[in-house]
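First the structure, in the form of structure tokens, and then the observations on it.
The chains referred to below are lettered A, B, ... by the order of the sequence lines, with proteins before strands, and numbering in each begins at 1.
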Amino acid sequence: MLQLENVSVFYSSFQVMWDVSLAVPDGVTACVLGPNGAGKSTVLKAIAGLVPVRGRITYRGQEISAWSPAQRVGAGIGLVLERRRLFADMTVLENLLIGGYRLAGGRRRARLSEVTTLLPGLQQLIDRRAGDLSGGQQQLVAIGRGLMSEPSLLMLDEPFLGLSPKAVDEVERIITDLGRRGLTILFNEQNVRKSLAMSQETFLLEGGRLIAHGASSDIAAGDIVQKVYFGTPRSQETPA
Amino acid sequence: MMSFAFLWEQVVNGIVAGSMYALMAIGLTLIWGTMRVLNFAHGEFFMLGAFLALTALLGVGLPLIPAVLVAICGVFVIAVILHSATIRPLMSRPGWDFSTIAATLGLSIVLQDAALMIWGERFQALPYFVEGIVHVLGVRLPAQRVLIVATVIAVVCVLTILIRFTRFGMALRAVASDAEAASACGVNTARVHATTFGIAAALAALAGIILAPIIAINPWMGVPPILKAFVVVVLGGLGSLPGAVLGGFLLGIIEAVGVTVFSSEWREVVALGVLILVVWLRPQGLFGKPLREA
């Protein structure tokens with residue numbers, strides 16, 4: 001289980017996240033929702049160790065708050081960054097191998113074979129320069145790179161951002177499939193309806209604070225999302 | 001009128017001088033490409049290499065090759081420690097791009113003063129590593145100068161293999177491309193930065209050692225090469241390894257031919273004039289990538 005207790009994040013002296021506490025059980029697909037600037041990406045970066053935090057983060061019983069990003073990857077936490085962030089001048093193969101940087105040579109090659117079997121679309125891209133790929137292909141590589149470290153928790157920061165509708169469907173299928181295979185998934189996304197449909201648990205952020213959490217079906221049935229995004233509960237909407 | 005043979009001799013001399021510029025610029029561009037840090041203390045690693053080799057060879061009495069290896073490894077270790085103690089802590093703070101410039105300028109002064117206290121201000125020299133005259137492309141050259149060019153070629157080959165084909169090289173390229181994304185992949189970026197800084201310093205030390213027989217060893221000997229190295233890095237393109245190598249050779253040749261056409265007083269004017277022209281026509285340098293607008 002991943003657990004955050006009263007986690008706050010500061011960029012220099014500027015606070016962007018206040019006392020966020022949440023828990024994601026193993027094997028669950030969870031999403032973080034919220035309008036722009038709510039702190040969705042910051043939560044994922046805090047868990048991955050990419051921003052300094054105040055508070056307590058534990059993963060599978062171990063406190064990881066003071067661990068480096070590399071140590072957290074070694075503990076099984078993987079992150080696919082927003083806008084893919086591939087190493088554009090490197091090949092797809094090199095991007096994937098960097099994803100498995102902490103694995104020993106033989107294990108890395110074996111993992112590469114597992115990941116390209118899991119995501120067969122990667123095989124035909126393997127020698128291409130990452131910067132030359134389409135958005136959908138890049139997201140496929142980014143997910144493959146995230147999987148290379150053998151994560152037990154995979155976080156995805158806006159995985160559908162900038163993708164064509166066809167690529168969105170493909171990425172959704174991949175994430176759903178990974179969840180069915182037992183991988184714990186935590187993602188954030190602007191598409192509220194799709195996020196609620198894909199996840200079992202939802203955490204709703206506003207202004208850097210967690211304002212609601214629960215089963216995605218319950219969140220979808222209530223008015224809270226409508227209120228956070230549009231300022232009015234669904235029940236008060238004027239009929240067209 | 002200038003004969004073709006004389007001009008050719010100047011070009012070959014320029015290649016020799018340029019190889020030293022290239023060796024210094026390679027380290028500088030490696031640090032910039034990986035860490036976005038302008039290292040003003042780079043010239044002092046050049047100086048430390050020469051002094052450590054002098055001490056190991058003439059003070060301790062080690063044979064040439066072990067003395068050179070001890071000096072290079074010594075500078076590598078000193079650079080890694082200095083990086084961890086000064087630059088790394090600054091890089092986690094806002095405004096680090098300026099504070100690291102100040103830190104490396106400070107390091108430069110501290111290292112010069114430390115050398116002054118340890119080795120004194122007396123100018124010293126190493127004996128030639130290789131004696132004799134060699135004929136290269138129809139030009140008579142001291143073997144020591146040919147050794148300098150051969151060393152640069154060997155260094156470029158080794159570095160290319162390191163960067164293109166090793167696990168560390170892949171991590172270095174990833175960190176240079178996007179340090180945060182490399183961190184998210186499990187790469188220890190602090191270790192990559194420290195190692196890169198150490199390798200760059202070791203290259204500067206190597207340049208100082210192989211040049212020590214033909215220039216005077218003193219605490220301030222690193223200042224002129226660092227200025228030339230900055231010119232080469234800008235000429236070749238910040239962060240570009242091929243740019244540093246070719247920029248170094250180009251600057252060396254331009255200087256040598258410029259001196260022949262005009263006079264030795266015009267050496268710097270011709271070199272810097274070409275630099276201004278290149279930067280005016282191609283601001284990113286000969287091999288640099290254009291800066292993207294925000």
Counterpart residues, salt bridge (charged side-chain N to carboxylate O under 4.0 Å, His left out), relative to A:Arg209 (two or more places apart): none
Of the listed A:Ala70, A:Ser149, A:Ala88, the one with the largest count of heavy-atom pairs under 4.5 Å with chain B is A:Ala70
Listed by number, the residues in residues 17-46 of chain B that come under 4.5 Å of chain A (heavy atom to heavy atom) are none
Atom CZ of residue position B:Arg88 - does it have more than 12 heavy atoms of other residues, nucleotides or ligands inside 6.0 Å? no
Determine whether more than 12 heavy atoms belonging to other residues, nucleotides or ligands lie under 6.0 Å from atom CZ of B:Arg167. yes
Taken to the nearest 0.5 Å, the spacing of A:Asn95 CG from B:Met170 CE works out to 9.5 Å
Structural part of A:Ile98 lying under 4.5 Å from a heavy atom of chain B: both
Can you tell which of A:Gly146, A:Gly74, A:Gly78, A:Pro69 has the highest number of heavy-atom pairs within less than 4.5 Å of chain B? A:Pro69
Taking CZ in A:Arg54 as the centre, count heavy atoms belonging to other residues, nucleotides or ligands within less than 6.0 Å. Is the count above 12? no
Look at atom CG of B:Leu277 and say whether more than 12 heavy atoms of other residues, nucleotides or ligands are closer to it than 6.0 Å. yes
Residue part contacting chain B, namely of A:Arg145, when any heavy atom lies under 4.5 Å: side chain
Give every donor-acceptor pair under 3.5 Å between a side-chain atom in residues 155-162 of chain A and any protein atom, sequence neighbours left out.
unit_1	atom_1	unit_2	atom_2	d
A:Asp157	OD1	A:Ser41	OG	3.0
A:Asp157	OD1	A:Asn188	ND2	2.8
A:Asp157	OD2	A:Ser41	OG	2.9

Just checking A:Arg107: does its CZ atom have more than 12 heavy atoms from other residues, nucleotides or ligands closer to it than 6.0 angstrom? yes
So which bits of residues 172-197 of chain B come within less than 4.5 Å of chain A, counting non-hydrogen atoms only? B:Arg173, B:Ala174, B:Ser177, B:Asp178, B:Glu180, B:Ala181, B:Ala182, B:Ser183, B:Ala184, B:Cys185, B:Gly186, B:Val187, B:Asn188
Cut-off 4.5 Å, heavy atoms of chain B, and the answer for A:Ile77 is neither
Please flag which part of A:Arg108 lies under 4.5 Å from any non-hydrogen atom of chain B: side chain, backbone, both or neither. side chain
Might you confirm whether atom CD of A:Gln124 has over 12 heavy atoms from other residues, nucleotides or ligands at distances under 6.0 Å? no
